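Beneath this line is the structure, given in structure tokens, with notes to follow.
Bear in mind that the values here come from a model prediction, so they are computed numbers and not experimental data.
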Amino acid sequence: MSRLALVRSSILYNQVRSFSYSRPALVFARDFKPGEYPKTEAERRAAAKKYGLRPEDYEPLPDNGLGFGDYPNLGRISTDMKSDWGDYDDPYLKRNFGEPIHVVQDQITADKVSLAKTRVSFSQIVFWFLFGSFVFIGLNYLLWDKKCFIPIAPKQYPRNALNGEEKHYKF
């Protein structure tokens, strides 16, 4: 069988295979889009069931025009804030199967931004940076004319060749 015939048959097989199902499970990004913002209690209960939450725990993200729809507000918890000792289905992201993920999950993984409270405030960071900079610049300014080097004696030769009395070449 020639190579061209083999390629044609594989293309035909893949086309037939892709159209043989009545409806594929996930087709386009529309399958991942959230539904409309819930306005009634029945819609809230249906959205809570859709995301695997209890109705009393479900609270949708605010309808502020960003298009999050009925997606639940899961709070500001990044991956590094979860327990390291939990038995997770996905240990890298520290989440279990079927657990809804945060809207900005790609931005708050453990190797990126942490939403945990920092140990020092931003004003303390700025203060110590400026303090260290001024100390460094001040010490350089005050000690600029002082020599700081390793003392080295002139190279010693077996004869007095530095004064030009003896030449080390013949021409």
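- Atom CD of Glu56 is separated from atom CZ of Arg44 by 11.0 Å, given to the nearest 0.5 angstrom.
- Taken from CZ in Arg76 to NE2 in His102, the straight-line distance is 7.0 Å, to the nearest 0.5 Å.
- A parallel orientation is assigned to the rings of Phe127 and Phe131, their planes being inclined by less than 30° (bins at 30° and 60°).
- A centroid separation of 6.0 Å or more is found between the aromatic rings of Tyr37 and Phe68.
- Closest approach of Pro55 and Ala48 over heavy atoms only: CA-CB, 3.9 Å.
- The CD1 atom of Ile125 sits 12.0 Å away from the CG atom of Leu130 when rounded to the nearest 0.5 Å.
- How far CE of Met81 is from NZ of Lys117: 11.5 Å, rounded to the nearest 0.5 Å.
- Here the closest heavy-atom approach between residue Thr79 and residue Lys94 is recorded as O-CD, 3.3 Å.
- Across Asn96 and Tyr88, no two heavy atoms sit closer than the pair OD1-CA, 3.3 Å.
- Both Phe129 and Phe134 belong to a single network of hydrophobic side chains, linked directly or stepwise wherever heavy atoms of I, L, V, M, F, W or Y lie under 4.5 Å apart.
- Under the 3.5 Å distance criterion, the side-chain polar atoms of Asp80 are left unmatched by any main-chain donor or acceptor of Ser114.
- Going from atom OG1 of Thr118 over to atom CG of Leu115 covers 11.5 Å, rounded to the nearest 0.5 Å.
- Formation of a donor-acceptor pair under 3.5 Å by the Gln124 side chain with backbone atoms of Ser121 is found in this model.
- Rounded to the nearest 0.5 angstrom, Asp70 CG and Tyr58 OH are separated by 4.5 Å.
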